[in-house]
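Keep in mind the model is a prediction, meaning the values are calculated, not measured. Just so you know, these numbers use all the heavy atoms, side chains as well, and skip hydrogens, waters and symmetry mates.
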There are 2 protein chains.
Amino acid sequence: MADIARMAGVNVSTVSRALSGSALTNEETRTRIMEIAAALKYTVNAAGQSLRSGQSRTIGVVIPIDPASQGHVSDPFFLSLLGGIADALTEHGYDMLVSRIHVDELEAASQLSATGRTDGVILIGQWHHHDQLNQIAARGIPLVIWGARLPYQKYATVGTDNTLGGELATGHLLDQGARRIVFLGDIELPEYRQRHQGYLNAHAKRGLLVDPSLTRAIAFVPALVRQEVEAMLASKAQFDGVFAASDVAAMTAISALLRAGVRVPDDVLVAGYDDIGPAAYTHPSLSTIRQPMHEAGQSLVAVLLRQIKGEPAASVVLPTELVVRDSTRR
Amino acid sequence: MADIARMAGVNVSTVSRALSGSALTNEETRTRIMEIAAALKYTVNAAGQSLRSGQSRTIGVVIPIDPASQGHVSDPFFLSLLGGIADALTEHGYDMLVSRIHVDELEAASQLSATGRTDGVILIGQWHHHDQLNQIAARGIPLVIWGARLPYQKYATVGTDNTLGGELATGHLLDQGARRIVFLGDIELPEYRQRHQGYLNAHAKRGLLVDPSLTRAIAFVPALVRQEVEAMLASKAQFDGVFAASDVAAMTAISALLRAGVRVPDDVLVAGYDDIGPAAYTHPSLSTIRQPMHEAGQSLVAVLLRQIKGEPAASVVLPTELVVRDSTRR
DNA sequence: TTGAAAGCGCTAACAC
DNA sequence: GTGTTAGCGCTTTCAA
């Protein structure tokens, strides 16, 4: 920067102002400085900028690692969400620092901000750690969570209306004639618990009873989902519908059913949750609840940046809609 | 840091040394300093550290956005690879800055290092930009590419042996009795071109002729793959095997075939490439060439860190093996 | 509209 | 083994 100042015959501070597009610069001086900078292939040093300004223009995105799934979060849903966040951050001129953090060490997430490495944190999923997240938020660290809206939360969340989504999916299965619907999903986690609540609501609104034995609270590891479906078939459990609280689980369930000679949708109707890309292209195509990834990214970033500016930021509930495809049509 | 120094009755430099685990510190002083730091919930400021040391301890991971797929890279393969890289970086104490960059603006990747934001760059896929990558590498920016080994490359690559993989997959299809095998993949991209070369080699080694009309050079967008398969069926093209140069493409092809009433593997054998998680759990399960994601991450990071240390870093070819599942068994 | 100068938090070369 | 000190590259307050 000093070099440019010398070459342009001005002071470094003028160069700094010109390069950052400050309003207090002469148009002519600015263009001259810009040209010299371009010729020198000069780029502002991020560390200096960050040290002085106290901002990193970087946001941390934390993907918790679930020990149950042996550290392999490979759900395409995450990648889509990550993409949505990346796009939104780019629009706002922020970089994205991605960390995988063990679900039981969420404290580490606050380190990202404590070290000044990031200006705020987006956490994907609240897991079992409602209280811990409240603590982090209370410490004043800008924080937004992708997840469910919970009572007494001090942190902001963005997500679909999980209860409504669960109700829409289950209601659709019931309206298509299913009467004994299996629920797949770990109801220990808030999002899935709410989807399960929707599953219960849909039955209640139609005056139908729910068989609790049809609720299978399992983690979404393909091998587990497959095992569970196979176990149900082996035990001759009666069911004519499956609501899996994620598309990947739904697809795995479908493949386990097909493998066992059970036809989908003819014998069993199946619905998922997320609407990941492949949902439209598998066979049969999958009915599901759409989670709008692009909007999700936009909202997560918008809410976080508002917090960084010091404004109070409210949670966002995204539009939640049913997408009907072949897996529930007969 | 000054506060800690005062409280510990030492100089800031001692604190700095203690906190960074320098060998030149008294054990006793160190623990005292550590305790005070912990009590104060102090963490070193990354910007100051980076500014002074000239290192960011951050690596940029660039995921090119392909305009053909409308900016939506949702292949689970990427997420697995990203996970592998993240794990390896964490082991070495590096952070991961993820950028989505348009394939035609790869210059931006070098900005990450020019601004000092990252110490090096891992680029996922070399696309059509061999020459441009050579330029960036020539500029001395530590750079590793996930992709194919090419003649006259000045940059380091890590990847499987694409030619061998293509040959293994195609050879297996031929050995299982397929004679007219469709190749799906954009052969303009080096990796897929090499896989196609393997496809040709497998035929040649068995003294079989290849019908060029069976090579379908399409981009891996689910809708396009599906269209292509449907078009082939509509035109009554004769084929009894499909080698898709990615698992997602293979799965989409299978679903398009099933939808049209073509049985897999009974009527048509299908093999993919990557061995993404779902490959084992779809119906039928997918035969494919395994790309070891964990090792991939380890190698990419190892090669890059070696370059950062100033050592010359050679490219790595990962073990490439065939995984046989139901989609090619009859 | 520009210049001068201080200082963000840290590390490392040098002195003791 | 520890202290002193300079300075990494930048922004911003204050003065002109």
Side-chain angles (χ1 to χ4, degrees), chain A residues 1-37 40-58 93-95 111-119 308, chain B residues 1-38 40-58 93-95 111-119 308-309:
Chain A
M1 204 173 240
D3 292 345
I4 298 180
R6 210 177 310 115
M7 293 175 71
V10 296
N11 187 279
V12 280
S13 57
T14 307
V15 177
S16 171
R17 279 188 281 255
L19 257 33
S20 65
S22 156
L24 310 92
T25 6
N26 182 304
E27 190 54 48
E28 199 184 319
T29 342
R30 167 151 57 238
T31 46
R32 185 155 39 94
I33 290 171
M34 292 296 218
E35 279 165 14
I36 299 177
L40 263 53
K41 291 192 198 293
Y42 168 86
T43 25
V44 205
N45 176 291
Q49 207 165 27
S50 171
L51 179 57
R52 176 61 224 227
S53 68
Q55 294 205 331
S56 61
R57 293 208 71 87
T58 301
Y94 276 78
D95 279 328
Q111 288 300 306
L112 285 176
S113 286
T115 57
R117 222 171 290 267
T118 64
D119 296 341
I308 290 172
Chain B
M1 205 174 241
D3 292 347
I4 298 180
R6 211 175 310 118
M7 294 174 71
V10 295
N11 187 278
V12 279
S13 59
T14 307
V15 177
S16 171
R17 279 188 282 255
L19 258 33
S20 65
S22 158
L24 309 90
T25 9
N26 181 304
E27 190 54 48
E28 199 184 318
T29 354
R30 171 159 46 242
T31 46
R32 184 155 40 96
I33 289 171
M34 292 294 219
E35 279 165 13
I36 299 177
L40 263 53
K41 290 191 198 293
Y42 168 86
T43 25
V44 270
N45 177 292
Q49 209 165 26
S50 170
L51 180 57
R52 177 61 224 230
S53 68
Q55 294 205 333
S56 60
R57 293 208 71 88
T58 301
Y94 276 79
D95 280 326
Q111 289 299 305
L112 284 176
S113 285
T115 58
R117 221 171 291 268
T118 65
D119 296 340
I308 290 172
K309 275 193 234 151

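- In this structure, the separation between OG1 on A:Thr118 and CG on B:Asp95 is 9.0 Å, given to the nearest 0.5 Å.
- Note on A:Thr29: only backbone sugar-phosphate atoms sit closer than 4.0 angstrom, heavy atoms only; bases stay farther off.
- Rounded to an integer number of Å, the gap from CD of B:Glu27 to P of D:dT2 is 11 Å.
- Here the side chain of A:Val10 is nearest to one of D:dC10, C:dG3, C:dT1, namely C:dG3.
- Take A:Arg17 and apply the salt bridge (charged side-chain N to carboxylate O under 4.0 Å, His left out) test, not counting sequence neighbours, and it matches no residue.
- Across every non-hydrogen atom of A:Thr25 and A:Thr14, the tightest pair is CG2-O, 4.3 Å.
- When the P atom of C:dC8 is taken as reference, atom CG of B:Asp3 falls 12 Å away, rounded to whole Å.
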Using atom names, set out every protein N or O paired with an N or O of nucleotides 5-7 of chain C below 3.5 Å, distance rounded to 0.1 Å.
{"from": "C:dG7", "atom 1": "N2", "to": "A:Arg52", "atom 2": "NH1", "distance (Å)": "3.2"}

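- B:Arg57 has its CZ atom 15 Å from the C1' atom of C:dC10, to the nearest Å.
- What separates CD1 of A:Ile4 from C1' of C:dG3 is a distance of 17 Å, to the nearest Å.
- Annotation: side-chain contact (heavy atoms from CB on, under 4.5 Å) contacts of A:Ala8 (sequence neighbours excluded): A:Val10, A:Arg32, A:Ile33, A:Ile36.
- A:Ser16 comes within 4.0 angstrom of a nucleotide base, judged by non-hydrogen atoms across all strands.
- Note: CG (A:Leu51) to C1' (D:dG9) measures 8 Å, nearest angstrom.
- In this structure, CZ of A:Arg6 is placed 14 Å from P of C:dG3, rounded to the nearest angstrom.
- Residue B:Thr25 places its side chain closer to D:dT2 than to any other of D:dG9, D:dT12, D:dT2.
- In the helix from C:dT1-D:dA16 to C:dC16-D:dG1, the rotation axis of the first five pairs and that of the last five pairs differ in direction by 30°, rounded to 10 degrees.
- Closest approach of B:Ala5 and B:Val12 over heavy atoms only: CB-N, 3.6 Å.
- Residues that satisfy the side-chain contact (heavy atoms from CB on, under 4.5 Å) test with B:Met1, not counting sequence neighbours, are B:Val15, B:Ser16, B:Leu19, B:Tyr42, B:Val44.
- Taking 4.5 Å as the limit, every side-chain heavy atom of A:Asn45 sits out of range of all side-chain heavy atoms of A:Gln49.
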If you restrict it to nitrogen or oxygen atoms, what contacts under 3.5 Å exist between nucleotides 14-16 of chain D and the protein, and what is each distance?
none

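- Under the rule for a side-chain contact (heavy atoms from CB on, under 4.5 Å), the partners of A:Ser56 that lie at least two apart in sequence or sit in another chain are A:Ser50, A:Thr58, A:Asp119.
- For the pair A:Gln55 CD and C:dC8 P, the interatomic distance rounds to 17 Å; values are reported in whole Å.
- Residue A:Ile4 holds its CD1 atom at 10.5 Å from CE of A:Met34, rounded to the nearest 0.5 Å.
- One interatomic measurement links the two molecules: OH of A:Tyr42 to P of D:dG9, which rounds to 9 Å at whole-angstrom precision.
- Every residue two or more places apart in sequence or in another chain that forms a side-chain contact (heavy atoms from CB on, under 4.5 Å) with A:Glu28 is listed here: A:Asn26.
- Pairs passing the salt bridge (Lys or Arg N to Asp or Glu O under 4.0 Å) check and including a residue from residues 44-58 of chain A, sequence neighbours excluded, do not occur.
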